[in-house]
Amino acid sequence: IQNKIIRTPLEPSQTYSDDPLRMMRAICFASTLNFKIEEHSLQAIQKEAERIKIVSMERIMVEFNKIMLSEKPSTGLKLLEETGLLPIIIPELTALRGIEEVEGQTHKDNFWHTLEVVDNISENTENLWLRWAALLHDIGKANMRTTDANGVDHFKGHGPEGKEIAKKILRRLKFDNDT
């Protein structure tokens, strides 16, 4: 605890295989407590990531929302992406990787931009739903990307497309109808 390191008491792969939700909890602790996940444990999460599929989405979302409510959510979101859990939970979000917006602005990867937006809003509010709105604000861009003759990417219609994708994501993640 003093060293702020997350390490499993048993062999990490066994620990995460026995209860895959522990992978989410490790990342949640890293995000909320500003701890580091020890390298063997991090590798075991990567190795066992597919096992998260046997955990109910409701239980996964409890941990995910704790990450979203942490001081700097990008810490946990980056770990989820790095370990392969995020592409399983919200593949639409990782689909934003590598999509660059030009249109008069410097190139940016929309995945990393999205994490920056989530961190920025988190500095100003603890409202979970505003943080979720920030997380999903560009979710339609992957589907709406076109590149013109000059090699410039455009995302016309990404707002309405994003609204529909966000609805599908929230249903899949077992959020209630009011959300």
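Being a predicted model, the structure only gives us computed values, none of them experimental.
Between I6 and A30 the shortest heavy-atom distance is CD1-N, 3.5 Å. Closest heavy-atom contact between T114 and N110: OG1-O, 2.7 Å. Residue A49 comes nearest to I88 through the heavy atom pair O-CD1, 3.5 Å, listed as atom of the first residue, atom of the second, then distance. Closest of all the heavy-atom pairs between L136 and A166 is CD1-CB, 3.9 Å.
Formation of a donor-acceptor pair under 3.5 Å by the H137 side chain with backbone atoms of A134 is found in this model. A donor-acceptor pair is defined here as one N or O able to donate and one able to accept, closer than 3.5 Å; such a pair exists between the side chain of T94 and the backbone of P91. Between the side chain of D176 and the main chain of D178, a donor-acceptor pair closer than 3.5 Å is present.
Between I165 atom CD1 and N143 atom CG the span is 4.0 Å, to the nearest 0.5 Å. Of the inter-residue distances, the one linking L79 atom CG with K36 atom NZ reads 8.5 Å to the nearest 0.5 angstrom. In this structure, CG in N120 is found 9.0 Å from NE2 in H113, a value given to the nearest 0.5 Å. Here CG of L80 is found 4.5 Å from CD1 of I27. Values are rounded to the nearest 0.5 Å. Taking CZ from F175 and CG from L173, the interatomic distance works out to 5.5 Å, rounded to the nearest 0.5 Å. Once rounded to the nearest 0.5 Å, the distance linking CD of E50 with CD1 of I52 reads 10.5 Å.
Hydrophobic clustering (side-chain heavy atoms under 4.5 Å, transitive across Ile, Leu, Val, Met, Phe, Trp, Tyr) groups I37 together with L33. Two different hydrophobic clusters hold I45 and I5 under the rule that ILVMFWY side chains link at heavy-atom gaps under 4.5 Å.
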Side-chain donor-acceptor contacts of residues 54-69 below 3.5 Å, not counting sequence neighbours, with atom names and distances?
{"residue": "S56", "atom": "OG", "partner": "R59", "partner atom": "N", "Å": "3.3"}
{"residue": "N65", "atom": "OD1", "partner": "W132", "partner atom": "NE1", "Å": "2.8"}
{"residue": "N65", "atom": "ND2", "partner": "M61", "partner atom": "O", "Å": "3.4"}

Give the table of side-chain donor-acceptor pairs shorter than 3.5 Å for residues 14-21, with sequence neighbours excluded, one pair per line with atom names and distance.
{"residue": "T15", "atom": "OG1", "partner": "E11", "partner atom": "O", "Å": "3.2"}
{"residue": "S17", "atom": "OG", "partner": "R51", "partner atom": "NE", "Å": "3.3"}
{"residue": "D19", "atom": "OD1", "partner": "L21", "partner atom": "N", "Å": "3.2"}

Original post:
Checking side chain to side chain contact (heavy atoms under 4.5 Å, CB included) for the pair D138/F155: CA distance, chi angles, key distance, verdict?
Top reply: CA-CA 10 Å; D138 272 346; F155 305 98; over 6 Å; no
**OP:** Could you give me the CA-CA distance, side-chain angles and deciding distance for L85 and M24, then say whether side chain to side chain contact (heavy atoms under 4.5 Å, CB included) is met?
**Re:** CA-CA 8 Å; L85 290 169; M24 291 293 297; 4.3 Å; yes
Subject >> salt bridge (charged side-chain N to carboxylate O under 4.0 Å, His left out) between E92 and R172, worked out >> reply: CA-CA 12 Å; E92 300 89 345; R172 187 181 70 239; 2.7 Å; yes
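The environment of N177 atom CG is sparse: at most 12 non-hydrogen atoms of other residues, nucleotides or ligands sit within 6.0 angstrom.
The salt bridge (Lys or Arg N to Asp or Glu O under 4.0 Å) contacts involving residues 67-91 comprise E81-R97, where partners must be two or more places apart or lie in separate chains. Applying the salt bridge (Lys or Arg N to Asp or Glu O under 4.0 Å) test to residues at least two apart or on different chains, none of the pairs has a partner in residues 115-134. Under the side-chain hydrogen bond (donor to acceptor under 3.5 Å, both in side chains) criterion, the residue pairs touching residues 25-35 are S31-S70, with sequence neighbours excluded.
Residues that satisfy the ring pair (Phe, Tyr, Trp, His ring centres under 6.0 Å) test with H158, not counting sequence neighbours, are absent from this structure.
With contacts defined as side-chain heavy-atom distances shorter than 4.5 Å, the pair L96/D109 does not qualify.
A cation-pi arrangement, defined by a distance under 6.0 Å to the six-membered ring centre and an angle within 45 degrees of its axis, is absent between K4 and F35.
Partner L135 forms a side-chain contact (heavy atoms from CB on, under 4.5 Å) with one of L93, V117, L130, I121 and no other, that one being L93.
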